[in-house]
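The structure appears below as structure tokens.
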Amino acid sequence: MIKKIVSKNFDIKDSHILKIAKENGRYSSLEKLFSLSPQEAVEIVDKSGLRGKGGGGAPTGAKWKLIPTNGDKPTYLIVNADESEPGTFKDRQILEFDPHLLIEGIICSSYAIKSNHAYIYIRGEYVFWAKRLQTAIDEAYEAGILGESVLGHDYKLDVTLHRGAGAYICGEKSALVESLEGKRGHPRLKPKQKEPEWFFDYPSVVNNVETISSVPYIIKEGFEAYRAFGTEKNPGTMLFGLSGHIQNPGVYELEFGTNMLEFINKIGGGVKDGKKLKALIPGGSSCHVLKADELEGITLDYESLRAHGSSLGTGGMIVMDETVSMPHVVKNLFEFYHHESCGQCTPCREGVSWSDKLMGKILDGQGTKKDLDTLLSLSFLLNGKTICVFAPSVAYIIDSYIGKFKDEFYSLVK
Amino acid sequence: MSFKFNKENEEKFQKLLRRYPKIDSLMLPCLWMIQHQEGWISPETMEYLAEKLNKSPMDVYSVASFYTMFHLKPVGKYNIQVCKTLSCMLRGSEDIKKHIEKRLKIKAGESTQDMKFTITEVECLGSCGTAPCVCINDDYIQNTTPQMIDEILDGLNRWSN
Ligand SMILES: Cc1cc2nc3c(=O)[nH]c(=O)nc-3n(C[C@H](O)[C@H](O)[C@H](O)COP(=O)(O)O)c2cc1C
Ligand code: SF4
Ligand code: FES
């Protein structure tokens with residue numbers, strides 16, 4: 001069940017310090033890396049089947065192949081360390097316990113896409129983690145691991161840490177790039193065909209911290225070794241989080257395909273204080289909620305969760321026990337989305353704030369059946385009519401919570 | 001105009017210029033530097049920054065006002081940020097907030113008269129596994145209990161007296 005690839009060094013004392021990190025295998029993939037051509041490195045990552053860990057599960061190799069290889073223009077790697085999806089706190093474990101793994105991954109990935117400068121966009125609140133990462137970056141420069149010539153090879157790489165300033169939407173990749181360009185974090189319209197991200201006029205790749213941290217193992221051990229874990233369509237491992245009413249909250253690295261209930265009960269220790277499970281959000285607040293009786297047979301991979309009407313998302317599971325009031329959960333989530341909407345699209349800006357107000361009215365005992373009907377119809381307004389998938393997430397919340405816990409909502413209205 | 005980057009920030013600015021393909025990217029780093037230097041971001045500092053980055057003051061304001069961590073008005077010396085999002089709510093963040101409000105005799109969103117403390121409700125701090133989470137200025141308090149809050153507030157009061 002537990003399989004430590006990315007989290008291998010998490011329990012080693014002082015593993016964030018270069019010397020200790022090196023003693024425990026950090027930067028040992030680079031010898032192999034520099035024996036490969038960039039194209040070969042891309043090919044290995046592509047064959048490994050590595051999928052993005054930021055929530056979408058997009059194949060990493062395919063994304064890298066969108067970068068033009070003619071070398072006309074500089075290219076950039078942008079690492080997404082914005083981590084702000086409610087229920088998600090995995091990337092910070094990497095930043096805290098193994099920042100050199102991330103730097104090693106950045107070297108492998110930048111080399112593959114022929115980039116000489118990588119940016120790490122870290123959420124503004126992570127001050128402690130930004131300092132820790134900056135210290136590791138400084139150590140790496142000092143040791144000649146970053147800079148003009150990476151470990152004496154004919155390859156130059158700079159890494160710059162860039163702090164966000166409190167905006168959930170900047171985790172969305174195009175909003176993140178806008179923010180990195182010094183603007184408001186407004187997501188961009190999706191192009192018709194698959195394209196790289198454009199940082200100013202330069203083709204760029206945005207990848208999550210954990211995705212990039214998975215690359216050194218693949219480069220060093222080969223794609224077959226990575227594929228030995230997980231399932232055919234979901235190779236390898238992922239960091240899963242447990243929070244809410246769970247006995248042992250935390251982050252655990254599991255093979256894809258692990259049985260969800262077994263994980264929750266054996267490793268998570270079951271519901272806190274011996275209470276009964278009521279519901280669970282599988283991967284951050286933006287996915288459909290699942291009722292306790294829907295969890296039977298679910299395995300932790302993209303396909304299984306989709307087949308069960310939800311999604312794997314960021315792997316950050318939020319557990320709710322029998323005492324939880326679903327209307328209050330929905331109000332809490334609406335407040336989050338209301339606060340965080342970037343405001344570009346009218347359906348999102350108005351729809352989310354309206355939903356929040358309606359839910360407030362219902363919880364105050366002033367709501368009518370018609371208000372609940374209005375709320376359900378807002379789901380239609382929010383779904384599929386906006387620039388990014390923020391608004392549809394709110395539609396999923398409306399549909400899944402009211403759909404699955406109907407009585408709790410209808411008992412509140414006249 | 002009297003605001004200027006201090007020497008340290010000016011040096012940092014010059015260094016950062018070389019690390020981005022365009023000067024535009026320096027917007028957020030510069031807003032951070034201003035906030036560290038002044039404690040908040042005043043209209044005057046935004047005019048200064050606009051000139052430095054070849055933007056209009058309105059451009060700077062538009063960006064600064066988008067991000068919740070930039071203070072466009074002064075805040076208390078200790079900004080107590082209580083996470084209110086789901087995982088923290090499930091683990092008792094409401095009680096923590098009420099406890100702080102009672103101790104400081106102000107509501108969330110307000111500052112004490114002497115501008116020593118501000119209480120702010122914030123969204124998920126990425127610390128859901130150690131909920132409830134409170135962040136005082138830059139420091140995370142995890143698995144927060146009312147007793148911990150008492151000890152910290154007592155300490156802060158003792159210090160700055
Ligand atoms: C509203 C929204 C918020 C997001 N927040 C994050 C985030 O905090 N961190 C992250 O890595 N990806 C986040 N993503 C996903 C990114 O857009 C992007 O897909 C990801 O960073 C790509 O990296 P990956 O392929 O390595 O997962 C978010 C997406 C959306 C729509
Ligand atoms: S859906 Fe909402 S968050 Fe996304 S771009 Fe539109 S307004 Fe912004
Ligand atoms: S919900 Fe409070 S830290 Fe995530």
Side-chain angles (χ1 to χ4, degrees), chain A residues 74 76 83-89 91-92 117 119 123-129 131 158 160 162-168 170 179-186 199-202 241-246 249-251 272 281 285 316 318-321 324 328-329 332-333 335-336 339-340 342, chain B residues 15-16 18-33 35 41 49 53 55 59-71 81 83-94 120-133 135 137-140 142-143:
Chain A
Y76 294 97
E83 185 148 270
S84 23
E85 176 76 17
T88 311
F89 48 101
D91 295 336
R92 78 171 232 203
H117 202 137
Y119 296 94
R123 65 176 298 178
E125 293 86 349
Y126 276 4
V127 177
F128 169 84
W129 295 272
K131 282 187 186 152
D158 282 311
T160 300
H162 190 97
R163 270 182 83 198
Y168 163 70
C170 288
S179 179
L180 191 60
E181 291 181 1
K183 295 184 263 182
R184 296 165 77 98
H186 284 176
F199 175 42
F200 298 113
D201 293 332
Y202 307 111
L242 283 174
S243 70
H245 293 139
I246 185 83
V251 169
K272 187 169 168 273
I281 310 175
S285 66
I318 305 176
V319 177
M320 293 177 265
D321 74 17
V324 172
H328 284 90
V329 169
N332 181 280
L333 294 175
E335 284 174 14
F336 173 80
H339 184 254
E340 301 296 341
C342 87
Chain B
K15 249 195 222 156
L16 285 175
R18 279 176 262 132
R19 296 197 80 92
Y20 295 90
K22 285 193 185 172
I23 190 172
D24 306 50
S25 289
L26 266 66
M27 181 70 88
L28 263 62
C30 284
L31 286 166
W32 275 122
M33 288 191 267
Q35 187 156 304
I41 297 167
L49 184 57
L53 300 181
K55 304 265 177 206
D59 290 333
V60 178
Y61 175 76
S62 153
V63 175
S65 60
F66 182 80
Y67 297 90
T68 54
M69 291 183 79
F70 291 136
H71 307 310
Q81 303 149 79
C83 173
K84 62 178 280 292
T85 313
L86 187 55
S87 298
C88 284
M89 176 185 107
L90 295 172
R91 290 256 176 176
S93 60
E94 186 64 27
T120 319
E121 280 189 290
V122 296
E123 300 295 350
C124 181
L125 287 167
S127 204
C128 327
T130 43
C133 181
C135 180
N137 292 352
D138 290 346
D139 296 319
Y140 276 47
Q142 307 182 57
N143 296 311

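Order of the sequence lines fixes the chain letters, A, B, ..., with proteins taken first and strands second; residue numbering starts at 1 for each chain.
Of the atoms belonging to A/E340, it is side-chain heavy atoms, and not backbone ones, that fall under 4.5 Å from chain B. Using a 4.5 Å cut-off between heavy atoms, A/V319 touches chain B through its backbone atoms (N, CA, C, O) alone. Neither the backbone nor the side chain of A/Y168 has a heavy atom closer than 4.5 Å to any heavy atom of chain B. Of the atoms belonging to A/R184, heavy atoms from both backbone and side chain fall under 4.5 Å from chain B. Proximity to chain B (any heavy atom under 4.5 Å) is restricted, for A/L333, to the side chain, taken from C-beta onward. Within the 4.5 angstrom heavy-atom criterion, only backbone atoms of A/T88 (N, CA, C, O) approach chain B. For B/K84, the parts lying near chain A are the backbone and the side chain together; criterion is any non-hydrogen pair under 4.5 Å. When heavy atoms are compared at a cutoff of 4.5 Å, A/C342 approaches chain B by way of both its backbone and its side chain. Both the backbone and the side chain of A/F336 come within contact range of chain B, with heavy atoms under 4.5 Å apart.
For the pair B/C128/A/I318, no side-chain contact is recorded, criterion being any heavy-atom separation below 4.5 Å from C-beta on. Within the 4.5 Å cutoff, no side-chain heavy atoms of B/C124 are placed close to those of A/E85. Within the 4.5 Å cutoff, side-chain heavy atoms of B/Y67 are placed close to those of A/C170. Inter-residue side-chain proximity for B/Y140 and A/W129 is flagged as met; some heavy-atom pair is nearer than 4.5 Å. Inter-residue side-chain proximity for A/P86 and B/L86 is flagged as unmet; no heavy-atom pair is nearer than 4.5 Å. Contact of the B/T68 side chain with the A/H339 side chain is registered, since non-hydrogen atoms from C-beta on lie closer than 4.5 Å. Taking the side chain as every heavy atom from C-beta outward, B/M27 and A/K183 never approach each other to under 4.5 Å. Using a 4.5 Å heavy-atom cutoff, the side chains of A/F89 and B/T130 are not in contact.
No other option in A/A167, A/G124, A/G185, A/S84 has as many heavy-atom pairs under 4.5 Å with chain B as A/G185. Comparing B/L53, B/D138, B/D139 by heavy-atom pairs within less than 4.5 Å of chain A, the highest count is held by B/D138. Of the listed residues (A/K272, A/E335, A/R123), the one with the most heavy-atom contacts under 4.5 Å to chain B is A/R123.
A 6.0 Å sphere centred on CZ of A/F128 holds more than 12 heavy atoms belonging to other residues, nucleotides or ligands.
Here the CZ-CE distance, from A/R163 to B/M69, works out to 5.5 Å after rounding to the nearest 0.5 Å. Distance check: A/E181 CD to B/Y20 OH gives 12.5 Å after rounding to the nearest 0.5 Å. We find the CE-CG distance between A/M320 and B/L90 to be 6.5 Å, quoted to the nearest 0.5 Å. Between atom SG of residue B/C88 and atom CG of residue A/N332 there is a gap of 9.5 Å, rounded to the nearest 0.5 Å.
For the residue pair A/S243/B/R91, the side-chain donor-acceptor check at 3.5 Å is not satisfied.
Nearest heavy-atom pair, A/G164 versus B/W32, reported as atom, atom and distance to 0.1 Å: O-NE1, 3.0 Å. For the pair A/Y126 and B/G126, the tightest heavy-atom approach, listed with the atom from each and the gap, is OH-O, 3.2 Å.
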Stepwise side chain to side chain donor-acceptor pair (under 3.5 Å) check, A/Y119 with B/S25: CA-CA 11 Å; A/Y119 296 94; B/S25 289; over 6 Å; no
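Residues that satisfy the side chain to side chain contact (heavy atoms under 4.5 Å, CB included) test with A/D321, not counting sequence neighbours, are A/H245, A/V271, A/K275, A/T323, A/V324.
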